[in-house]
Amino acid sequence: MELISAAAGPERLAAHRQRLGTLPSLRPDALIAELDESGLLGRGGAGFPVGRKWRAVAQRSSGGAVVLANGAEGEPLSRKDRSLMAARPHLVIDGALLAARAVGADDIIFYVGVEHQVAAAALRQALAERPGDVRGKARIVVAPAGYVSGEESAAVHYVNAGDARPIVTPPRPFERGVAGRPTLVQNVESLALAALIARRGPAWYQGLGEGRARGVGLLTVSGAVNHAGVYEVAFGSTLSDAAAAAGGLSSNVRAVLLGGYFGGWAAAEEQWGLPLDSESMRARGVALGCGVVHFLPAESCGVEATARIVTYLASQSARQCGPCVFGLTAIAEATERLAARSPQPGDLERVRRWTAELPGRGACRHPDGAAGLLHSALQVFADDMAEHQRRRCLAISAGVRQAVA
Amino acid sequence: MGQALLIDRIRCDGHGLCAELLPELIRLDDWGYPIIKSGPVPLSLVGHAGRAAEACPVLALRLAGTAVAAPRPIP
């Protein structure tokens, strides 16, 4: 396993160096070319090619760029970033140092979610083991709690002004970010993988995938599995393989949430053989996002599960844009009424209409993410939604669960 | 090159004057916030779009591709 470890406690510098050797001193353009060739995609959720992102910042930098290693991990179902930081902090630091060299940065910020105390402590300890020139340009900034604090413009806004709310873009951080300088905001797992590719080359990374897929990555598997947790998988392995890695299913499963609350539902029946890689998933209209794989037990109701998620997303709005504040709240309330089987006439229709009106209407992509989640629920749980509008529940009538009085 | 309507979603407060002045391209959602038709502004509507942008009380609407007015030369 490259990214996580069965060992208790963080890997110290000596062990890290012994296992992996020192960081190679590749020239910036050579390093970026290797990342391009490897096909490494960002692991924060958007899946943007890492080499291309580094190049965009490097082109605008005249030596004063900034690297923000994003370990906020605000997605509630995701645990992979904190696990990585806690187990292999030196790999994350290596990745950040490489990025700093590639983009010409003299300032490295490790942005770690306030709840991830073990991870923050591991990073702090790891930085203390590094020489003075590294310690002098690196700092840890604790990200405030909240779903949107890890959004790239929110992270930059917090560092600049202590306010972790997204701002209107353009300009995006790669153009103007921390202190107005070109800023690379990159997920910690992406940085760790870059640090491995720099040592072993792009062909090594490509070869790790199964079939035509390239690379490995971390998944957080949860829900109806026997051993929920963070697992390192080869891309191209299937959804079925992911369930097996997590000790197998603990009950029948109808649906699976892929990518977290910013992702979407998929019908389990159709997707057991789904290869977990970006190309195959895109072809099927789904995405791995930040690597969350959550299996919904068959005795759970998809409408109820969706209502809980949308209510959470509505509560996490930064409350800066009308369509998000009012739209998400209204959708959440209508979905809760549907879930409780006490809808108003036309609630389901209104949820469909309001959902269709969400994308692109906020300063950030929070409403877009919610729209994606809702759209998938309206498809995958179409029959359940229709039943709930008729004040009935398929999961209850199928006899797989007790009705709540 | 076409001109596009851009909106600062944080500044926008749902006053709705834009939809009044440019109903062909802007309609309001259930809470009074604008839904803008995507794509470049048709040439015939550019004048109206400019006026809609000027009418916004919070300067949230902008017609991109509009040149900044050059200073008048001293005669």
Side-chain angles (χ1 to χ4, degrees), chain A residues 148 151-154 156-158 160-161 163-172 176 314 317-335 344-371 374, chain B residues 1-70:
Chain A
V148 302
E151 192 269 345
E152 65 166 15
S153 76
V156 168
H157 194 198
Y158 183 72
N160 282 339
D163 180 354
R165 290 181 301 173
I167 57 169
V168 167
T169 59
R172 302 226 353 251
R176 243 179 340 119
S317 167
R319 313 196 77 72
Q320 304 185 102
C321 309
C324 180
V325 174
F326 296 105
L328 281 191
T329 302
I331 294 172
E333 287 173 353
T335 314
Q344 291 169 6
D347 262 349
L348 182 53
E349 218 11 78
R350 268 191 294 275
V351 167
R352 284 197 194 106
R353 180 167 60 82
W354 288 332
T355 296
E357 289 176 352
L358 277 175
R361 297 189 60 234
C364 76
R365 302 275 78 81
H366 189 65
D368 301 63
L374 282 155
Chain B
M1 201 186 84
Q3 293 180 308
L5 277 170
L6 297 176
I7 178 167
D8 182 324
R9 293 284 180 185
I10 295 179
R11 280 197 190 184
C12 175
D13 255 340
H15 292 272
L17 278 84
C18 55
E20 285 250 2
L21 294 174
L22 196 61
E24 298 89 341
L25 299 181
I26 303 179
R27 65 180 178 92
L28 300 178
D29 68 13
D30 288 17
W31 302 279
Y33 291 87
I35 299 174
I36 303 180
K37 217 168 180 180
S38 61
V41 176
L43 219 48
S44 56
L45 292 175
V46 166
H48 293 286
R51 277 188 284 283
E54 282 164 22
C56 177
V58 294
L59 302 178
L61 192 64
R62 190 163 68 89
L63 186 60
T66 317
V68 173

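The sequence lines fix the lettering, A, B, ..., with proteins before strands; numbering per chain opens at 1.
Annotation: R365(A), atom CZ; neighbour count of heavy atoms from other residues, nucleotides and ligands within 6.0 Å is above 12. Counting non-hydrogen atoms of neighbouring residues, nucleotides and ligands closer than 6.0 angstrom, the CD atom of E24(B) exceeds 12 such neighbours.
The residue among P166(A), P323(A), A363(A), G327(A) with the most heavy atom pairs within less than 4.5 Å of chain B is P323(A).
In this structure, R361(A) CZ and D29(B) CG are separated by 4.5 Å, a value rounded to the nearest 0.5 Å.
In this structure, the portion of R353(A) lying under 4.5 Å from any heavy atom of chain B is its side chain and not its backbone.
Of the possible polar contacts, none joining the R9(B) side chain to the G322(A) backbone as a donor-acceptor pair under 3.5 Å is found.
Salt bridge absent: R350(A) and D30(B) never bring a charged side-chain N and a carboxylate O closer than 4.0 Å.
Ring planes of W31(B) and W354(A): tilted class, angle from 30 to 60°.
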